[in-house]
**Student:** 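After the structure tokens below, expect a handful of questions from me.
Residue numbering restarts at 1 for every chain, and letters A, B, ... go by the order of the sequence lines. Values below: all heavy atoms of this structure, side chains included; hydrogens, waters and symmetry mates excluded.
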Number of protein chains: 2
Amino acid sequence: MAAPRANMSYRDIKQVVLDRIHNKIWAPDSLLPSETDLAEEFSSTRTTVNRALRELAEEGYLERKRKAGTRVLNAPVRKAQFAIPLVRDEISETGAEYRYALVQRAVMPAPGWLSARMNIPHGRDVLHLRCMHYAGNAPFQYEVRWIVPDSIPDVLEADFSRSGPNDWLVQKVPFTNLELSFLATKADQSVAEFLDAQAGDPIFTAERITWLRGQPVTLAKLFFAPGYRMTTNL
Amino acid sequence: MAAPRANMSYRDIKQVVLDRIHNKIWAPDSLLPSETDLAEEFSSTRTTVNRALRELAEEGYLERKRKAGTRVLNAPVRKAQFAIPLVRDEISETGAEYRYALVQRAVMPAPGWLSARMNIPHGRDVLHLRCMHYAGNAPFQYEVRWIVPDSIPDVLEADFSRSGPNDWLVQKVPFTNLELSFLATKADQSVAEFLDAQAGDPIFTAERITWLRGQPVTLAKLFFAPGYRMTTNL
DNA sequence: ATCAAAGTTATGTCTATATATATTGGCATT
DNA sequence: AATGCCAATATATATAGACATAACTTTGAT
């Protein structure tokens with residue numbers, strides 16, 4: 001059991017606090033001593049204790065309110081963090097060679113569901129792309145993307161036959177807001193063919209919509225090959 | 001454009017730095033001025049600048065190394081953060097009434113795949129549960145769970161007929177490690193029946209394994225009703 | 001020329017202290 | 001009983017200065 005001693009770093013303090021929470025020395029829903037008191041107990045300063053508690057709160061163990069104090073959360077809302085790598089990097093990391101192919105490119109009026117979803121004026125032209133990402137020879141991800149060209153200079157002239165829209169957009173267009181969803185979809189005939197799956201197979205799917213200061217930028221549907229799983233440890 | 005002025009908070013500084021990154025004043029891969037210099041520019045202190053840069057690094061915009069300095073990441077590895085709420089809370093928040101039902105309870109030798117997955121001695125008895133979580137009258141989640149009773153006192157005596165193992169475990173057993181995966185599975189006959197789906201429907205599935213100081217605690221497979229999507233904004 | 005030691009420097013963290021701000025609880029007024 | 005105001009208090013954030021540590025750079029010995 002970690003015992004308070006002098007010269008404890010904020011990391012040490014975090015650990016001691018965590019231990020006490022686990023051992024119910026500070027029970028769920030109970031209040032912790034004030035930062036001042038803890039600083040004294042740990043022969044530390046309030047600044048250091050503050051950092052420890054602040055981080056534990058960020059990690060979902062504590063709840064802090066001015067004047068109200070610091071409270072132990074009864075069901076720690078542990079937060080899963082997923083890095084969202086570029087497909088290219090995700091594939092490279094497995095050691096496989098990343099390959100890309102453009103399947104289709106078209107400029108077309110925004111379909112109704114897209115207008116509604118991204119708040120685009122009805123009938124506005126959008127750029128529509130379908131691409132494949134391969135890990136070696138195996139299909140890895142099928143990408144269906146819409147890009148709103150209005151606020152993105154040059155996008156209609158960009159060449160997406162050699163590298164994907166993601167690479168291009170990351171370079172050219174920053175975004176301020178992102179909505180990311182994960183869901184399971186059923187492979188239709190076309191998706192199945194591209195991903196080397198059977199029609200009807202369950203497909204892990206990500207949908208990401210990005211905005212730049214209120215303006216819709218792009219919507220991507222990413223269909224992962226069968227067997228894909230997104231994993232995190234914490 | 002945010003212009004440096006006196007009395008900037010660490011939040012202000014974060015915003016200015018972000019703006020400069022977006023406007024390529026500090027290009028990808030380039031080095032930022034040192035904390036000391038920035039502190040001077042912002043008429044602030046190194047401590048405050050440090051917090052701003054540290055948080056931006058945590059958020060995936062910057063990379064920091066001692067002596068080497070602070071560098072702009074070219075493809076910000078934005079990190080998606082998902083809160084992992086208890087089913088109970090997730091349902092309550094929608095306004096629907098949370099209901100729970102125990103479907104099956106059994107003590108059985110660990111099947112081979114489970115032994116391998118959780119590193120349990122072959123043939124060791126484990127507690128196996130199947131439960132349903134409803135939002136109002138609609139099925140929401142079908143839970144298939146294995147619990148390793150060895151290091152968990154009383155779990156074999158616990159009553160899971162009124163409330164779920166999740167609630168119980170959260171109260172009784174802290175965990176130190178968690179592996180969380182998301183994938184798409186195909187509803188088999190049994191899952192389909194419980195979730196009011198068709199056999200073969202794509203099912204968004206979570207698999208979580210928890211450990212306590214190296215000891216396996218529990219593995220849960222959570223099958224969500226059709227239409228479920230996990231969403232986050234950032 | 002090569003490698004190891006020493007110096008330099010940017011970030012990492014701690015101490016000490018001060019001001020700011022949100023929230024609570026009590027008290028007085030309506 | 002309800003409302004509004006005020007003081008107390010815990011957290012939030014800032015300043016100033018110090019030492020620690022990692023990593024890059026230069027120097028010096030072999």
Side-chain angles (χ1 to χ4, degrees), chain A residues 2-18 20-21 25-73 76-77, chain B residues 2-18 20-21 25-73 76-77:
Chain A
R5 43 164 236 277
N7 294 329
M8 293 179 71
S9 74
Y10 78 96
R11 285 166 199 277
D12 298 331
I13 295 181
K14 279 178 74 172
Q15 197 51 60
V16 173
V17 172
L18 262 186
R20 290 191 184 171
I21 292 174
I25 294 174
W26 290 326
D29 279 327
S30 65
L31 277 178
L32 266 63
S34 75
E35 291 184 349
T36 315
D37 292 351
L38 288 174
E40 190 180 353
E41 183 195 339
F42 297 137
S43 327
S44 174
T45 57
R46 207 168 78 72
T47 312
T48 304
V49 171
N50 177 277
R51 177 156 182 195
L53 297 187
R54 173 158 41 87
E55 292 195 358
L56 285 174
E58 264 165 28
E59 289 164 29
Y61 294 101
L62 301 173
E63 185 188 38
R64 320 192 73 204
K65 282 214 306 244
R66 273 173 166 138
K67 160 70 183 180
T70 301
R71 192 172 291 279
V72 180
L73 285 178
V77 183
Chain B
R5 41 165 239 278
N7 295 328
M8 293 178 72
S9 73
Y10 79 97
R11 284 166 200 277
D12 300 330
I13 295 180
K14 278 178 75 171
Q15 196 52 60
V16 172
V17 172
L18 261 187
R20 291 190 183 170
I21 293 175
I25 294 175
W26 290 327
D29 279 328
S30 66
L31 277 178
L32 266 61
S34 75
E35 292 184 350
T36 314
D37 293 350
L38 288 175
E40 192 180 351
E41 183 194 339
F42 297 138
S43 323
S44 175
T45 56
R46 204 167 79 78
T47 315
T48 303
V49 171
N50 178 275
R51 177 156 181 196
L53 297 186
R54 174 158 40 87
E55 292 195 359
L56 285 173
E58 265 167 27
E59 289 162 29
Y61 294 101
L62 302 173
E63 184 189 38
R64 321 192 72 204
K65 282 214 303 242
R66 273 170 170 148
K67 159 73 184 177
T70 302
R71 192 173 291 279
V72 180
L73 285 178
V77 183

**Student:** What pairs with R54(B) under side-chain contact (heavy atoms from CB on, under 4.5 Å), at least two apart in sequence or on another chain?
**Tutor:**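 Partners of R54(B) under the side-chain contact (heavy atoms from CB on, under 4.5 Å) test: R51(A), R54(A), E55(A), N50(B), R51(B), E58(B), R64(B).
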
**Student:** To the nearest 0.5 Å, what is the distance between CH2 on W26(B) and OG1 on T70(B)?
**Tutor:**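 Result: 9.5 Å between the selected atoms.
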
**Student:** Give a yes or no on whether a salt bridge exists between R20(A) and E41(A), defined as a side-chain N under 4.0 angstrom from a carboxylate O.
**Tutor:**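 Counted as a salt bridge, because a side-chain N and a carboxylate O are separated by less than 4.0 Å.
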
**Student:** Which distance, rounded to the nearest 0.5 Å, do you find between the CG of L56(B) and the OH of Y10(B)?
**Tutor:**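 Going from the CG atom of L56(B) to the OH atom of Y10(B) covers 11.0 Å.
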
**Student:** I'd like the 5' and 3' limits of the part of DNA chain D contacted by chain B, with heavy-atom contacts below 4.0 Å.
**Tutor:**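 The contact span of chain B on DNA chain D goes from dT13(D) to dC24(D).
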
**Student:** With sugar-phosphate meaning primed atoms plus P, OP1 and OP2, does R71(B) contact a base, only sugar-phosphate, or nothing at under 4.0 Å between heavy atoms?
**Tutor:**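 Counting heavy atoms under 4.0 Å across all strands, no contact is made by R71(B).
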
**Student:** Pairs under 3.5 angstrom, nitrogen or oxygen only, protein versus nucleotides 3-9 of chain C, please.
**Tutor:**
unit_1: dT9(C); atom_1: O4'; unit_2: K67(B); atom_2: NZ; d: 3.4

**Student:** Residues two or more places apart in sequence or in another chain: which of them pass side-chain contact (heavy atoms from CB on, under 4.5 Å) with E63(A)?
**Tutor:**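 side-chain contact (heavy atoms from CB on, under 4.5 Å) list for E63(A), sorted by chain: R71(A), L73(A).
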
**Student:** So if I take residues 27-39 of chain A and measure heavy-atom distances to DNA chain C, which residues fall below 4.0 Å?
**Tutor:**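 Nothing qualifies; none.
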
**Student:** Find which nucleotide of DNA chain C each of S44(A) and T70(B) is nearest to by heavy atoms, and output the residue with the more 5' nucleotide.
**Tutor:**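 The answer here is T70(B).
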
**Student:** Between I13(A) (CD1) and dT13(C) (C1'), how many Å, whole number?
**Tutor:**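 One finds 12 Å between C1' of dT13(C) and CD1 of I13(A), rounded.
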
**Student:** Among residues 45-55 of chain A, which residues get a heavy atom nearer than 4.0 Å to DNA chain C?
**Tutor:**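 Within residues 45-55 of chain A, the residues near DNA chain C are T45(A), R46(A), T47(A), T48(A), R51(A).
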
**Student:** Does a side-chain N or O from Y10(A) land closer than 4.0 Å to OP1 or OP2 of dT13(C), or not?
**Tutor:**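 Affirmative; the distance criterion is met.
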
**Student:** Whole angstrom is fine here: how far is it from CZ in R64(B) over to C1' in dG12(C)?
**Tutor:**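 For the pair R64(B) CZ and dG12(C) C1', the rounded distance is 9 Å.
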
**Student:** Pair S44(B), I13(B) - check side chain to side chain contact (heavy atoms under 4.5 Å, CB included), show working.
**Tutor:** CA-CA 9 Å; S44(B) 175; I13(B) 295 180; 4.1 Å; yes

